[in-house]
**Student:** 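Attaching a single structure in structure tokens format; questions to follow.
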There are 2 protein chains.
Amino acid sequence: MAITIKDVARLANVAPSTVSRVIANSPRISEKTKEKVREAMEELGYHPNFIARSLASQSTQAIGLVMPSSTDKVFQNPFFPTVLRGISEGANEKQYALHMTTGKTEDEIFDGVVQMVQGGRVDGVVLLYSKVEDKVLTYLQKREFPFVVIGKPFKHVEEITHVDNDNFRATKEVTEYLINLGHEAIAFIGGDLNLVVTVERLLGYEKALRDFNLPLKQEYIIHEEFLREGGQGAVKELLSLEQPPTALVVADDLMALGVLNTLDEMGVSVPDDISIVSFNNVMLSEMSRPPLTSVDIGIFDLGFEAAKSLIQKVENPKEPVKRIIIQHQLIKRLSCEVPCQNKNY
Amino acid sequence: MAITIKDVARLANVAPSTVSRVIANSPRISEKTKEKVREAMEELGYHPNFIARSLASQSTQAIGLVMPSSTDKVFQNPFFPTVLRGISEGANEKQYALHMTTGKTEDEIFDGVVQMVQGGRVDGVVLLYSKVEDKVLTYLQKREFPFVVIGKPFKHVEEITHVDNDNFRATKEVTEYLINLGHEAIAFIGGDLNLVVTVERLLGYEKALRDFNLPLKQEYIIHEEFLREGGQGAVKELLSLEQPPTALVVADDLMALGVLNTLDEMGVSVPDDISIVSFNNVMLSEMSRPPLTSVDIGIFDLGFEAAKSLIQKVENPKEPVKRIIIQHQLIKRLSCEVPCQNKNY
DNA sequence: TTGTACGCGTTATCAG
DNA sequence: CTGATAACGCGTACAA
């Protein structure tokens with residue numbers, strides 16, 4: 001059995017409650033006894049038992065992480081290690097621990113969340129994704145359990161604290177960027193439409209085209225998985241069009257990589273024949289040939305701010321709903337150029 | 001306040017202890033009362049409080065994950081999401097939750113582990129890396145706390161349950177593969193020598209050369225970070241040699257990607273001028289140009305088996321030390337070929 | 001400034 | 001088969 005507060009109390013010749021107060025650094029304890037108690041703790045190698053503390057104080061100093069389905073391709077995106085790092089850092093700063101749950105199916109994930117929450121394992125939860133219809137989010141909301149989402153909630157945006165980019169504006173900007181480069185035939189390759197981020201980006205793309213009075217063609221809008229294989233299918237469809245696009249807005253770097261490869265195989269040159277701009281600016285985007293022009297969305301900060309605002313919320317229940325927007329930034333590399341004039345592929 | 005066992009007891013007209021037994025599905029309770037109690041639980045929407053249960057039973061049904069330093073480049077490797085998925089699945093099967101700890105420095109990580117362990121937050125720990133000198137491992141060992149490591153422990157291999165590949169053999173095999181292809185000038189690009197996996201792979205490489213009586217040149221052995229930039233530096237060194245290698249054994253796909261890019265910039269063609277084989281077979285390895293021949297090390301299984309064997313150990317303290325070797329497999333793609341005879345780069 | 005006593009929600013022991 | 005009752009380790013009114 002481990003060293004408890006009682007052992008320390010005995011050694012220091014004080015009551016257990018005094019030891020408890022020393023741990024909490026209560027101002028109502030004399031420096032002298034504090035010192036005495038601390039020495040005893042040191043001598044015995046005492047470490048507080050979090051479980052007991054949690055039970056007594058009804059708070060765990062732990063936050064729960066809800067990941068998307070582990071079978072989901074999204075899970076493999078380098079996005080995750082990075083947000084995780086951000087969250088972890090934000091949590092560490094406030095001495096919070098991390099509790100995770102994943103699962104293969106939505107139900108598994110949901111059960112995991114319920115266990116964390118009802119089981120009292122965590123004080124709050126951060127959702128690492130934002131889907132269009134989400135059981136987990138609904139549950140958390142109804143239960144009034146503290147949580148924040150990374151991304152933009154599909155509904156009740158005003159009532160849910162979230163950390164997000166301005167994906168609408170970002171996509172509008174990059175589309176404009178391509179337009180200003182002289183492109184008029186610009187296609188959009190997005191991921192799963194169940195992810196809110198996808199719809200936001202699509203909207204931004206459409207807005208830019210409309211602002212510039214460019215035609216908005218359905219054939220130019222493609223949705224595939226957030227990954228490689230997705231990109232490949234998309235490209236083939238696009239290039240077989242009568243008037244193939246001269247530029248592509250791709251919703252994710254990984255997909256862009258797939259696009260790049262397929263293009264390469266088809267003998268289409270980037271950026272000479274076709275320009276590409278994508279999102280996230282993960283490490284890989286500078287490793288591709290050519291390096292990708294990509295929107296840096298501050299992934300680390302998304303996580304960091306999410307953790308911080310969740311903890312605030314946990315520690316102060318009347319904290320107002322917040323919406324934190326992380327700045328984005330277009331990182332220009334070599335995948336964009338003025339459009340070709342008259343190419344035949 | 002949430003629904004407790006007492007509320008259920010009251011509604012079902014039984015004692016709290018009876019409810020507890022029903023939850024544990026004790027065989028000594030009549031089916032009739034079980035049914036009655038279950039109905040009450042249902043009606044009240046009861047969920048057991050894990051914290052209280054942990055305190056009483058001195059076990060948490062949670063396992064702790066120790067990640068490498070978040071500032072470490074290794075952290076960004078696609079390896080992690082995948083092991084994580086494996087661990088998560090292994091844990092889910094046995095209804096264990098996951099508790100994580102990371103940190104920027106070794107000390108932060110160490111403190112995190114101590115808190116998990118002494119704080120009684122977890123029943124066991126899995127180390128997601130294996131370093132040459134590791135404070136955390138030493139601590140866990142001295143405390144006789146259940147843990148398993150993913151990778152090969154540097155010392156006390158016989159006394160530590162671990163899940164690993166046979167990296168020595170794997171590297172020996174791929175080196176032989178290159179030799180049999182006709183290569184004689186084969187270089188090795190490895191990662192951080194503090195990681196045990198690096199030294200294992202280096203050893204395997206050397207063994208193959210020795211077995212075939214090929215010279216073992218120091219200039220052919222390079223260590224860089226486990227990432228992109230590392231790869232680039234390495235290649236330049238290698239190609240500026242008097243007799244540059246015709247084949248490369250690269251210890252990680254990500255590094256190999258960097259190598260590929262640098263080679264491309266220098267106008268060196270893969271596999272025509274130089275062959276490459278690397279490790280891990282992460283998703284990216286088939287997305288590179290050319291697709292990488294890579295050793296699949298069963299990352300998911302590493303995690304899965306680690307979780308399973310840890311849980312076994314936790315549930316049965318006298319479980320013997322185990323060493324689980326996950327099979328590897330060479331996935332041949334397009335980065336290897338017979339060597340060039342007489343090329344001038 | 002410090003000690004006493006009780007409660008947090010369960011499990012486990014021991015009667016009955 | 002079931003019900004009291006005592007832990008589990010700590011926080012915290014309430015007393016002193």
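Throughout, protein chains are lettered first and strands after them, A, B, ... in sequence-line order, and every chain is numbered starting at 1.
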**Student:** Say whether D134(A) and Y129(A), considering side chains only, have a donor N or O and an acceptor N or O under 3.5 Å apart.
**Tutor:** yes

**Student:** Side-chain N or O of Q58(B) less than 4.0 angstrom from OP1 or OP2 on dA12(C)?
**Tutor:** no

**Student:** Between E108(B) (side chain only) and K104(B) (backbone N and O only), is there a donor and an acceptor less than 3.5 Å apart?
**Tutor:** yes

**Student:** With a 3.5 Å distance limit and no angle check, can you tell me whether D123(B) reaches the backbone of Q61(B) through a side-chain donor-acceptor pair?
**Tutor:** yes

**Student:** With T161(B), which of K313(B), E319(B), K322(B) fulfils side-chain hydrogen bond (donor to acceptor under 3.5 Å, both in side chains)?
**Tutor:** K313(B)

**Student:** What integer distance in Å separates N25(B):CG from dA12(C):P?
**Tutor:** 14 Å

**Student:** Are K131(A) and E106(A) close enough for a salt bridge, meaning some N to O gap below 4.0 Å?
**Tutor:** yes

**Student:** Is it the case that S17(B) and S20(B) place a side-chain donor and acceptor less than 3.5 Å from each other?
**Tutor:** no

**Student:** Would you please say whether a donor-acceptor pair under 3.5 Å links the side chains of K34(A) and N25(A)?
**Tutor:** yes

**Student:** Are more than 12 heavy atoms, taken from residues, nucleotides or ligands other than Q118(A), located less than 6.0 Å from that residue's CD atom?
**Tutor:** yes

**Student:** What parts of residues 44-55 of chain B reach DNA chain C, counting only heavy atoms under 4.0 Å away?
**Tutor:** Y46(B), H47(B), P48(B), N49(B), A52(B), R53(B)

**Student:** Please report the distance, rounded to the nearest Å, between CZ in R10(B) and C1' in dG9(C).
**Tutor:** 13 Å

**Student:** Can you measure I23(B) atom CD1 to dT10(C) atom P for me and round it to whole angstrom units?
**Tutor:** 7 Å

**Student:** Both conditions, 6.0 Å and 45 degrees, for the charged tip of R53(A) above the ring of F50(A): are they met here?
**Tutor:** yes

**Student:** Please list, pair by pair, any protein nitrogen or oxygen found under 3.5 Å from a nitrogen or oxygen in nucleotides 2-4 of chain D.
**Tutor:**
residue	atom	partner	partner atom	Å
dT2(D)	OP1	S30(B)	OG	3.3
dT2(D)	OP1	T33(B)	OG1	3.2
dT2(D)	OP2	S30(B)	N	2.9
dT2(D)	OP2	T33(B)	OG1	2.8
dT2(D)	O4	R28(B)	NH2	3.3
dG3(D)	OP2	A15(B)	N	3.1
dG3(D)	OP2	T18(B)	OG1	2.5
dG3(D)	N7	R21(B)	NH1	3.2
dG3(D)	O6	R21(B)	NH2	2.2
dA4(D)	N6	S17(B)	OG	3.2

**Student:** Whole angstroms only, please: what is the NZ-P distance between K6(B) and dT5(D)?
**Tutor:** 13 Å

**Student:** First locate atom NZ of K36(A), then atom CD of E39(A), and finally report the distance between them rounded to the nearest 0.5 Å.
**Tutor:** 10.0 Å

**Student:** For the helix from dT1(C)-dA16(D) to dG16(C)-dC1(D), measure the angle between the helix axis at one end and the axis at the other, each built from five pairs, rounding to 10°.
**Tutor:** 40°

**Student:** What's the CG-P distance between D123(A) and dC8(C), to the nearest Å?
**Tutor:** 18 Å

**Student:** With the threshold set at 4.0 Å, does a side-chain nitrogen-carboxylate oxygen contact exist between R323(A) and E159(A)?
**Tutor:** no

